[in-house]
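Here you go, one structure.
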Amino acid sequence: MRAMDVMTTDVITVDPDTTVQALAALLAERGISGAPVVDSSGRLVGIVSEGDLLHRTEIGTARRHRERRRSWWLDDFASDLARDYIKSHGRTVKDVMTRDVVTVTEDTDLGEVAALLEAKRIKRVPVMRDGKVAGIISRANLVRALGATKGATPSQAEGDDRTIRARLLAELGREEWARVWPEDIIVRDGVVHFWLSSDESEEKKQALRVAAETIPGVRGVEEHVVPAPVFPAF
C-alpha cells in the first residue's frame with residue numbers, strides 16, 4: 001500500500017499569521033492534533049501541533065529554567081532558552097511552528113512512511129503533489145490500514161484495490177447524503193472497510209454498503225464503528 005491509499009485528503013491547514021489562540025480553538029473544535037502551515041500561494045512553510053502549544057505563559061505551563069539541565073556550552077544553553085521563550089510567548093503560528101518539515105509523496109510506500117514517523121518521532125507527515133499539500137498521513141491512518149489487513153500479507157491486488165477505492169469515492173462524491181471522509185475508507189483485497197461514527201444512521205450505513213457493492217471487483221463490505229466526536233463547549 002502507498003500513501004495515496006490511506007492519506008487524509010481533506011486537509012485542514014492554517015496560515016502563518018493565525019494567532020496561537022485561534023489555532024488552539026481550531027485544533028479543539030476539529031478534534032485534530034496538528035496541521036500543515038501554508039502561505040497565500042499554497043506553499044508548505046511549516047507544520048504545527050498541539051505539542052507546540054503545551055508550554056504557554058497564558059496557562060502557566062511555560063518551561064521553568066531551573067528545571068532544565070545546563071548544556072556544556074553556554075551559547076547552546078542560551079539558544080535553548082530563546083527557543084523556549086518563543087514557544088511560550090509567540091503570538092502567531094509562524095512563531096511556534098516547525099519549519100523543517102518532513103514530507104512524502106503519494107507514491108511513498110507505507111513502510112517508508114512508518115519508518116519516517118518512528119525515526120523522526122513525529123505523529124503526522126504531509127503528502128505532497130506538485131509542491132502542494134495533497135494529503136496528510138498520521139499514525140491513526142496507519143493503524144486503520146493495519147486493521148483492514150487481518151494479518152494478510154500484501155497481495156498483487158493493490159492496484160485493483162486502488163481502482164475500487166477511486167471509483168467508490170467518485171460515486172459517493174456525487175451523492176449529497178454521503179458525507180464520508182476519504183480516510184475513513186480503505187480497500188484491501190477487494191473488501192471495502194468503512195470507519196463510521198457511532199451516531200451514524202442505519203440508513204446511511206446501508207446506503208454506503210449498497211454503494212460499495214455496486215463497484216466492480218468488490219468482494220465484501222465491513223464496518224468499523226468509532227466513538228462519535230465530542231466537541232468541547234466554549
D109 (side chain) donor-acceptor with R2 (main chain) under 3.5 angstrom:
no
D39 versus S41, closest heavy-atom pair with distance
OD1-OG, 2.8 Å
Tell me the closest heavy-atom pair linking V93 and D15, and the distance in Å.
CB-O, 3.8 Å
Separation of I12 CD1 from L26 CG (nearest 0.5 Å):
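Nearest 0.5 Å value for the CG-CD1 distance: 6.0 Å.
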So if you build clusters from Ile, Leu, Val, Met, Phe, Trp, Tyr with side-chain heavy-atom gaps below 4.5 Å, do V96 and L27 land together?
yes
To the nearest 0.5 Å, what is the distance between CG (L172) and CZ (F194)?
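Spacing of CG (L172) from CZ (F194) equals 6.0 Å.
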Exam field: side chain H193 to backbone V187, donor-acceptor pair closer than 3.5 Å
no
Looking at every heavy atom in both I137 and V113, which two are closest together, and how far apart are they?
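Heavy atoms only, the tightest pair is CG2-CG1, 3.9 Å.
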Closest approach of V6 to N141 (non-hydrogen atoms, all atoms of both residues):
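The answer is O-ND2, 3.3 Å.
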Test item: side-chain donor near acceptor, E175 and W177, under 3.5 Å:
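W177 and E175 do have a side-chain donor-acceptor pair below 3.5 Å.
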Looking only at non-hydrogen atoms, find the nearest pair between K94 and D17 and report the distance.
NZ-OD1, 3.0 Å
Can you check whether S33's main-chain N or O pairs, donor with acceptor, with S49's side chain at less than 3.5 Å?
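No; zero donor-acceptor contacts below 3.5 Å.
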Transitively linked via ILVMFWY side-chain contacts under 4.5 Å: V133 with V101?
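As far as the 4.5 Å side-chain criterion goes, V101 and V133 are connected within one cluster.
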R91 side chain vs T18 backbone, donor-acceptor pair below 3.5 Å
no
Side-chain (R162) to main-chain (M1) donor-acceptor, under 3.5 angstrom:
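Here the side-chain-to-backbone pair does not exist.
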Do side-chain atoms of R165 reach the backbone of I185 as a donor and acceptor pair under 3.5 angstrom?
yes
State which residue, out of K123, R139, E112, fulfils the side chain to side chain contact (heavy atoms under 4.5 Å, CB included) condition with L117.
R139
Common cluster, L169/V192, ILVMFWY with side-chain heavy-atom separation under 4.5 Å:
yes
I need the minimum non-hydrogen distance between L116 and T103, along with the two atoms involved.
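So the minimum-distance heavy-atom pair works out to CD1-O, 4.4 Å.
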For residues D199 and S197, is any side-chain donor paired with an opposing acceptor at under 3.5 Å?
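Yes, because at least one side-chain N or O of D199 sits under 3.5 Å from a partner of the opposite role on S197.
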Consider only side-chain heavy atoms of I, L, V, M, F, W and Y, link residues closer than 4.5 Å, and tell whether V102 and V127 are in one cluster.
yes
Charged N-O contact under 4.0 Å between E106 and R129:
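Looking at R129 together with E106, the answer is yes, because their closest N to O distance falls below 4.0 Å.
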Quick check: is V225 connected to W195 through a chain of hydrophobic side chains (ILVMFWY, heavy atoms under 4.5 Å apart)?
no
